[in-house]
Amino acid sequence: MLIKIRILLLFICLSSILRSLHAATGYQNSLFLACGSQNGGTDEDERKWESDTKYLMSGDKSVTTQRQSHDPSAPSVVPYINARFFHSEFSYNLPVKNQSAHIMLRLHFYPTPDYPNFNVSNSYIFVSAGKVTLLNNFSAFITAQAWSQNYIIKEYLLTPVNSPTLEIKIKPFGNSSLAFINGIEMITSPDLFFGPNPVLVGFNSDEDSRDGFSQQTISVKENNMELTYRVNVGGQYIPPKNDSSGLMRSWYEDTPYLYGSGVGIAMSTNMTIRYDDLPSYVAPLSVYESYRSMGFESNLNMNYNLTWVFNVDASFSYLVRFHWCDFIVDSMKINSLEFNVYINGQIAERKVDLVALQNGKKAAPLVKDYVTYVEDKEGDDHLWIAVHPSGDNSQLDNAIVNGLEIFKINGENTSLAGQNPTISDLMKKYQDEQSKEEKAQPEFSNQDKSHSTTVIITGAAGGVAAFGVAVVLVIVALKRKKRTPGAESGMTSWLPIYGNSNSSASKSASGRSGSGNTTISSDAASNCRYFSLAEIKQATKNFDESYVIGVGGFGKVYKGVIDGDMKVAIKRSNPSSQQGVNEFQTEIEMLSKLRHRHLVSLIGFCEENNEMVLVYDHMAHGTLREHLYKGNKTILSWKQRLEICIGAARGLHYLHTGAKYTIIHRDVKSTNILLNDKWVAKVSDFGLSKTGPNMNQGHVTTVVKGSFGYLDPEYFRRQQLTEKSDVYSYGVVLFEVLCARPALNPNLSKEQVSLADWALACQRKGHLEDIIDPHLKGKINPECLKKFAETAEKCLADNGIDRPSIGDVLWNLEYALQLEENPDGVLSTSETTKHVDHDNADVVDQHSLIAMHRNTLSLESEDVDGNTEDVFSQIVNPT
């Protein structure tokens, strides 16, 4: 009897689970059509594509084709291998399994010049779904150029069709004789707009009013929509296969859309996020596990907005969905974090209180929708979104956002079609220059061509409207002296980055170049080796994932072997990375001119077929951070840590004083200090470095870049970069070495989130020993610990003028090592011994240490620069 009861209970539980799964996934009926393909296939996001043949309406006279050459930057899988071309109207009849459900529709276009007998640059397309016009006079070629992408995905959310089929009609537009498509996705979608109707924002006759909105709501459920942006704010790119809802959505980083230098802090958590009041399909958990906040400086936060800017089509309404999940503030403290939301300069909502909205549930996801109308005014094709602390009785003057989605709404119209994006004046100038150079260039020999590559239109994962072309990249391209003839004009694969101005000239795209798109000086090129892409692929077994030894801002790092037995580290650029062609060029220009025992050595580079690759000496023991708190590496002794800190300081000291010009690293952190097989520390990653012919003004005015947690607060506030900015970052590293914890840990209490703040507070209260690495407790000479902690504390002075130089830091670290090795105060490196004066330790045995520094610079520096020209790629003139 007991066994029967258990079986019955098990059956009930299983039935309940199956009902839940069916409820959660019943809407996931999907259809993936690879247009022009005979067999379909599976893509990198695990979608199974089928041939589109059986869904074509009768009478179709289309032509299928496959691209001839393979662009390595383009997807090598369906649906971008094949395409279907046609010269007249034709239709697809797609089966609708749930006639009362919404439909998510995606159209894929790959406008490559590699299709035989078809010139896609002359193709203009009309597409409709049922009675809704999706595209009208659409040029995939122009859009790809303007968006700096190589393939385009247009995504739509359609209202229930109440019919067993959905007709997708496609035809050439106007005088165009050609239309094409690569892929169609149709997914049965749940009701994504399940909550209260969104607030209507920005409808007020007073154009100058920043508070002019009506607290009315608008129904959007019966409107067809087009996705224009979907961003994981403060987090990384989320590919379709990681969308557990089955909706196969892509979530992009928000960095390209941030406006100005006040970009806040990207934070994440390991807390368990639960969908208490939201359906799980609203967004992947990854969206809620990270956010961007304004930071923890109240005075600073009250002086700026956290702002994003998006390009949109005018004369349409837009639904803006905010995703929020607060995992920092105490879930019971109402009004502890309140902020205002602005859309296009007007207040959408005052005093958004996440604690109140979460109903006392910490780490509970929230969504809130707003609708605004973008008028058709000259130059007014942007959607501005901002948050700012309310400043009214709130404990934290801060504001956060986890995710943003922006949908275009058709309203009373039956069309969602917008105009083709325009190519910027800079891009036109670039193309004109390219055309002139092509006409002036002589023919290259086959041997020359083997070392050249075509500049092509490359793309980030499509479907997100970008801002245009890369200003920086265009300027670089205009300075080029040589170019491969026959190259297609185009731009980069990376999503664009918005500058500090809202003028059209400030729109820029950080990007990956094709061959010849960067300007590497002949001097730099002669000082390091050029690798062919074939050599790089051979060294990494065609970029085998098992060879990956790290991932950074630039891209993946692979281990490799060249010249038979020489181990190297190979850094390959990534299209979704935040770094780009400038960083690639800067790294080559700088490291090719610098040789020092404590700087990582650049062996060579490869720039071919739209790949950017850097080749370095292999660092057998990886990054310093891995040996501090990753838990899977060798635990370093205190003496080892001191020696590593000294080595890194020597490298920075050479950058600041030993090279021709002062070089500011700008991204000093524990992951940029590498360790070779003998545990020698080497400073790496010079992609963000700045230099100048002089520092007479004491600083370089530049936009803020670096890594939060290590960022100099003075540099952040004033945008004035000095060598003391590196000193501040290095001070954080020193405490990181001592305490074995990250620079930022959002899972800790507010006062402990920032290591710099927490360590300084403990140091000043005399409690520093309470937070040092447990592996070190009782193993450090007290005088050594005192000197080390005092040095780190001085590095973290709020004002740069109060910080020591890196030379002084090096001096004190070497002295701390002497105290550790010789507790009685005898300097072993000096020929004459001298006891330590603890009241004035900085001047002990100065002559020995000065001699040591001079020897370090003269023996460890192998500067290969032998001319008097400016040798660095980013000469900064503050005037």
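What you are looking at is a predicted structure, and each value in this text was computed from that prediction instead of being measured. FYI, side chains are in, hydrogens and waters are out, and symmetry mates aren't considered; it's all heavy atoms of this structure.
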Mind checking what makes side-chain contact (heavy atoms from CB on, under 4.5 Å) contact with S754, not counting sequence neighbours? L744, A756, D757

Stepwise side chain to side chain contact (heavy atoms under 4.5 Å, CB included) check, H388 with I347: CA-CA 10 Å; H388 181 77; I347 296 179; over 6 Å; no

How about C325 and Y291: do any of their side-chain heavy atoms sit closer than 4.5 Å? no

A side-chain contact here means heavy atoms from C-beta on lying under 4.5 Å apart; do F316 and T228 qualify? no

Determine whether N242 and S286 make a side-chain contact, defined as any pair of heavy atoms from C-beta on separated by less than 4.5 Å. no

Mind checking side-chain hydrogen bond (donor to acceptor under 3.5 Å, both in side chains) for R321 and listing every partner two or more places apart, or none if nothing turns up? D369

Quick one: salt bridge (Lys or Arg N to Asp or Glu O under 4.0 Å) partners of E185, sequence neighbours excluded? R47, R106

Do I400 and M267 make a side-chain contact, defined as non-hydrogen atoms from C-beta onward lying under 4.5 Å apart? no

Evaluate the side-chain proximity of N402 to V233: yes if any heavy-atom separation is below 4.5 Å, no if none is. no

Could you work out, with ring-ring contact (aromatic ring centres under 6.0 Å, His included) as the rule, every residue matching F322, not counting sequence neighbours? W324, Y370

Less than 4.5 Å apart, any side-chain heavy atom of Y259 and any of I385? no

Qualifying residues under ring-ring contact (aromatic ring centres under 6.0 Å, His included), relative to F193, sequence neighbours excluded: F407

Nearest 0.5 Å, please: how far is CD in E226 from CG in L157? 11.5 Å

What pairs with S415 under side-chain contact (heavy atoms from CB on, under 4.5 Å), at least two apart in sequence or on another chain? T133, A417

Parallel, tilted or perpendicular for Y237 and Y252, by the 30°/60° rule? tilted

Pair listing, salt bridge (charged side-chain N to carboxylate O under 4.0 Å, His left out) test, anchored in residues 258-287, at least two apart: D277-K361

Who passes ring-ring contact (aromatic ring centres under 6.0 Å, His included) against Y728, sequence neighbours left out? none

side-chain contact (heavy atoms from CB on, under 4.5 Å) against N344, all qualifying residues, sequence neighbours excluded: V374, L383, W384

For N745, check side-chain contact (heavy atoms from CB on, under 4.5 Å) against everything at least two apart and list the hits. R741, N747, L748

Decide if the gap between the ring center of Y318 and the ring center of F310 is smaller than 6.0 angstrom. no

Name all residues meeting the salt bridge (Lys or Arg N to Asp or Glu O under 4.0 Å) criterion together with D353; count only those two or more places apart in sequence or in a different chain, and write none if there are none. none

Report the residues that fulfil ring-ring contact (aromatic ring centres under 6.0 Å, His included) with W251, sequence neighbours left out, ordered by chain and then residue number. H323

Can you confirm whether S725 sits close enough to R666 that some side-chain heavy atom of one is under 4.5 Å from a side-chain heavy atom of the other? no

How far apart are the C-alpha atoms of T307 and Y342, what are their side-chain angles, what is the distance that settles it, and do they pass the side chain to side chain contact (heavy atoms under 4.5 Å, CB included) test? CA-CA 9 Å; T307 305; Y342 299 86; over 6 Å; no

How long is the span from the CG atom in L192 to the CE atom in M225, to the nearest 0.5 Å? 9.0 Å

Do T269 and Y288 come close enough that some side-chain heavy atom pair is under 4.5 Å? no

